[in-house]
Amino acid sequence: MSAERPQSVLFCCDHNAVRSPMAEGMMKKFYGTDIYVQSAGVKNDLDIDGFSVAVCAEMDVELTRHRTRSFEEMQEWGDDLSGFDLVVALSPASQRQALELTRYFHLDVEYWPILDPTGLGEGREEKLNSYRQARDQIKGRIEQRFGPPTAE
């Protein structure tokens, strides 16, 4: 574990439809209620991505009920960024947004350069492999950062 385990983590990416919901789902599966976890996107103009749902289901992570949300909606719903110990940005745009939103209070923002699988691959199987690659990158980073899963 590279640092002390935070009590609350926000994962963010561009649309909260592919990478950040995968990270949120894995965290909840791996650590149960030990760590409060949410995810958000710079925008929320997409629904949860079907390929993300499929590749996470392969590891028993349930994403079908995920509802996408933006940073803005999150704050409207009272889930203020200042309530999180750590923000993990999975895309350059979300890193910029997180840094912009956190410049008035101290909050750790980490950037994990995770592959964006959308638009990669020709057929269904190639697409799934791109999403599996992104999923496995996220899984590796989570375990490296937060330690071995405590709940499974």
Side-chain angles (χ1 to χ4, degrees), residues 1-44 46 48-49 51-75 77-118 120 128-152:
M1 209 164 16
S2 62
E4 201 170 299
R5 192 179 285 174
Q7 296 195 314
S8 55
V9 178
L10 175 71
F11 287 99
C12 54
C13 64
D14 295 349
H15 302 276
N16 192 220
V18 178
R19 292 167 286 183
S20 57
M22 284 201 259
E24 177 186 352
M26 281 186 248
M27 282 292 287
K28 287 178 174 171
K29 178 176 172 48
F30 295 168
Y31 307 105
T33 54
D34 291 353
I35 302 175
Y36 177 73
V37 185
Q38 287 293 315
S39 64
V42 175
K43 304 190 255 330
N44 83 327
L46 302 171
I48 181 77
D49 188 289
F51 288 111
S52 290
V53 172
V55 300
C56 282
E58 294 172 353
M59 55 185 296
D60 215 24
V61 171
E62 163 62 54
L63 293 185
T64 52
R65 292 192 303 273
H66 178 78
R67 294 291 162 259
T68 61
R69 64 188 193 156
S70 64
F71 282 114
E72 202 173 289
E73 286 171 321
M74 210 179 106
Q75 291 177 309
W77 299 339
D79 224 348
D80 202 86
L81 277 183
S82 61
F84 290 91
D85 297 329
L86 174 65
V87 175
V88 177
L90 305 174
S91 70
S94 64
Q95 179 191 27
R96 280 193 301 278
Q97 178 97 20
L99 290 170
E100 178 65 27
L101 292 169
T102 59
R103 67 185 173 162
Y104 300 112
F105 47 89
H106 176 73
L107 182 64
D108 289 333
V109 176
E110 291 181 12
Y111 173 57
W112 298 358
I114 301 296
L115 167 84
D116 179 0
T118 56
L120 297 178
L128 282 169
N129 283 333
S130 297
Y131 279 77
R132 285 182 188 115
Q133 197 179 338
R135 175 201 66 197
D136 295 345
Q137 283 181 351
I138 294 167
K139 181 179 187 286
R141 291 301 294 257
I142 286 174
E143 290 179 351
Q144 179 187 349
R145 174 66 175 82
F146 303 107
T150 54
E152 279 216 50

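All of these numbers come straight from a predicted model, not from anything done at the bench. What you see below is based on every heavy atom in this structure, not just the backbone, and it leaves out hydrogens, waters and symmetry mates.
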Exercise. For side chain to side chain contact (heavy atoms under 4.5 Å, CB included), just list the numbers for V88 and R145, CA-CA rounded to whole Å, side-chain angles, deciding distance to a tenth of an Å, and then say yes or no.
Key: CA-CA 11 Å; V88 177; R145 174 66 175 82; over 6 Å; no
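In the displayed structure, E72 atom CD is contacted under 6.0 Å by at most 12 heavy atoms of other residues, nucleotides or ligands.
Contact of the N16 side chain with the H66 side chain is registered, since non-hydrogen atoms from C-beta on lie closer than 4.5 Å. For the pair K139/F30, a side-chain contact is recorded, criterion being any heavy-atom separation below 4.5 Å from C-beta on. Counting only heavy atoms from C-beta outward, the side chains of E143 and P149 approach each other to under 4.5 Å. Two residues are said to be in side-chain contact when any heavy atoms from C-beta on lie closer than 4.5 Å; M74 and L10 meet this criterion.
In this structure, the separation between CD1 on I114 and CG on D116 is 11.0 Å, given to the nearest 0.5 Å. How far CG of L90 is from OG of S39: 9.0 Å, rounded to the nearest 0.5 Å.
Residues that satisfy the salt bridge (charged side-chain N to carboxylate O under 4.0 Å, His left out) test with E58, not counting sequence neighbours, are R132, R135. Remark: F84 engages Y36 in a ring pair (Phe, Tyr, Trp, His ring centres under 6.0 Å) (not counting sequence neighbours). By the ring pair (Phe, Tyr, Trp, His ring centres under 6.0 Å) test, Y131 pairs with F51, sequence neighbours left out. Considering only residues two or more places apart in sequence or on other chains, V42 meets the side chain to side chain contact (heavy atoms under 4.5 Å, CB included) condition with F71, A93, S94, Q97. Listed by chain and residue number, R19 satisfy the salt bridge (charged side-chain N to carboxylate O under 4.0 Å, His left out) test with D14 (two or more places apart in sequence, or in another chain). R141 pairs by the salt bridge (charged side-chain N to carboxylate O under 4.0 Å, His left out) definition with nothing, not counting sequence neighbours.
Using a 4.0 Å cut-off between charged side-chain N and carboxylate O, K28 and E24 make a salt bridge.
With hydrogens and angles left out, the side-chain atoms of H15 and D49 include no donor and acceptor closer than 3.5 Å.
Taking the six-membered ring where tryptophan is involved, the planes of F146 and W112 are tilted, since the angle between them lies from 30° to 60°.
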